[in-house]
Trainee: 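Got a structure here, written out as structure tokens. Questions coming.
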Amino acid sequence: MSFKSYAITTLDDDSIELADPQPLVFSGHHGLIARFVRAEPKRAIDPWKLCPGELHALAFPEGFTGERAIVFEETTETTLEIQWLQSIHGQSAARTEMLFSFTPLRIESARLPLRVRPPTVSRTYAEELVLEGGVLSPQGTWRWCKPHLNLGGVVLQRQPTLAGRPL
């Protein structure tokens, strides 16, 4: 999985420019989720929600200026697909179970800076992901594993927003 943080600029034609990609790591002992669970075990053991701002604070404690978005990139030999991370809902016990919510983006230019646009029909994709590690097993591998129910993804229609503004 390839997650990156991008600086975002809304252009005059309502498209969005994504620049300054910074890789993000969610899994592993030093990944963002393990850092969150270890830093806030009382919060993590109950149902929680992480927004992109909180994830950026974990990833870059020195901070950034300007607005940034977290994007999941999926590439093949000929195509690039990207999805904008909206939030992560989860709960951590022996394992950390999470539901990632994404908004797909249409790519208008795949060269940096990327130029993207929300789809004409608003959608949210939800994907269940699990890490082997949690509040009750901080020594775990913190690697991705199969969810208990293996529900797959869900598509919901809604109006996507960035910092409270429609995309």
Side-chain angles (χ1 to χ4, degrees), residues 1-10 15-37 44 48-60 64 66-92 95-133 141-147 149-167:
M1 293 185 199
S2 179
F3 286 95
K4 292 181 183 169
S5 169
Y6 280 96
I8 58 173
T9 305
T10 303
S15 64
I16 301 164
E17 184 177 271
L18 302 175
D20 185 31
Q22 300 293 320
L24 296 175
V25 178
F26 283 80
S27 62
H29 288 279
H30 302 291
L32 295 178
I33 301 301
R35 280 193 245 168
F36 162 69
V37 169
W48 47 263
K49 176 183 177 183
L50 291 174
C51 66
E54 289 176 290
L55 293 164
H56 278 113
L58 286 165
F60 309 105
F64 275 111
E67 291 188 79
R68 296 191 71 86
I70 297 175
V71 171
F72 174 72
E73 296 181 349
E74 187 173 6
T75 58
T76 65
E77 292 180 14
T78 58
T79 62
L80 169 66
E81 291 184 21
I82 61 175
Q83 298 182 49
W84 193 316
L85 180 67
Q86 299 297 310
S87 64
I88 303 171
H89 288 84
Q91 187 165 1
S92 184
R95 298 169 15 140
T96 302
E97 300 185 17
M98 298 161 287
L99 188 67
F100 284 62
S101 297
F102 299 99
T103 298
L105 297 172
R106 291 187 338 225
I107 298 173
E108 294 187 344
S109 172
R111 289 182 290 154
L112 282 177
L114 298 175
R115 189 171 171 148
V116 299
R117 186 178 298 279
T120 51
V121 176
S122 299
R123 289 187 169 91
T124 297
Y125 293 124
E127 186 71 32
E128 182 182 12
L129 298 169
V130 178
L131 287 171
E132 285 290 349
T141 65
W142 294 95
R143 291 186 184 162
W144 299 111
C145 63
K146 288 187 177 185
L149 297 176
N150 202 11
L151 295 175
V154 176
V155 179
L156 306 169
Q157 284 187 307
R158 68 172 190 81
Q159 179 64 36
T161 62
L162 169 64
R165 299 188 322 251
L167 289 178

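Residues take their numbers from the sequence shown, with the count starting at 1. As the structure is a computational prediction, the values presented were derived from the model and not from experiment.
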Trainee: So which atom in Trp142 and which in Leu131 form the shortest heavy-atom distance, rounded to 0.1 Å?
Mentor: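 The answer is O-CD2, 3.4 Å.
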
Trainee: If I compare all heavy atoms of Gly133 with all of Thr96, which pair ends up nearest, and what's the gap?
Mentor: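 Distance-wise, the nearest heavy atoms are O-OG1, 2.7 Å.
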
Trainee: Side chain to side chain donor-acceptor pair (under 3.5 Å) with Glu81: which residues, sequence neighbours excluded?
Mentor: none

Trainee: For Ser15, which residues count as a side chain to side chain donor-acceptor pair (under 3.5 Å) partner, sequence neighbours excluded?
Mentor: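 Partners of Ser15 under the side chain to side chain donor-acceptor pair (under 3.5 Å) test: Asp13, Arg115.
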
Trainee: Between Thr124 and Ser101, what is the shortest heavy-atom contact and its length?
Mentor: CG2-CB, 4.0 Å

Trainee: Which residues satisfy the side chain to side chain contact (heavy atoms under 4.5 Å, CB included) test with Leu112, sequence neighbours excluded?
Mentor: Tyr6, Pro21, Leu114

Trainee: If the condition is side chain to side chain donor-acceptor pair (under 3.5 Å), which residues does Thr78 pass it with, not counting sequence neighbours?
Mentor: none

Trainee: Leu80 and Ala110: which non-hydrogen atoms are nearest, and at how many Å?
Mentor: CD2-CB, 4.4 Å

Trainee: Under the rule for side chain to side chain donor-acceptor pair (under 3.5 Å), what residues qualify as partners of Thr120, not counting sequence neighbours?
Mentor: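 Partners of Thr120 under the side chain to side chain donor-acceptor pair (under 3.5 Å) test: none.
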
Trainee: If the condition is ring-ring contact (aromatic ring centres under 6.0 Å, His included), which residues does Phe26 pass it with, not counting sequence neighbours?
Mentor: Phe3, Phe100

Trainee: Just wondering, more than 12 heavy atoms not from Arg143 lying within 6.0 Å of its CZ?
Mentor: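 No.
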
Trainee: Closest approach of Pro119 and Pro104, non-hydrogen atoms and distance?
Mentor: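 Between these two residues, the closest heavy atoms are CD-O, 3.0 Å.
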
Trainee: Run the side chain to side chain contact (heavy atoms under 4.5 Å, CB included) test against Gln22 and tell me which residues pass, sequence neighbours left out.
Mentor: Ser5, Asp20, Phe60, Phe64, Arg68

Trainee: Residues in side chain to side chain contact (heavy atoms under 4.5 Å, CB included) with Cys145, at least two apart?
Mentor: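 Here the qualifying residues are Arg95, Val130, Glu132.
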
Trainee: Would Lys49 and His89 count as a side-chain contact (heavy atoms from CB on, under 4.5 Å) if you check the C-alpha gap in whole Å, the side-chain angles of each, and the deciding distance to 0.1 Å?
Mentor: CA-CA 4 Å; Lys49 176 183 177 183; His89 288 84; 3.5 Å; yes

Trainee: Nearest heavy-atom pair of Ala59 and Arg35: which atoms, and what distance?
Mentor: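 In terms of heavy atoms, the two residues are closest at CA-NH1, 4.0 Å.
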
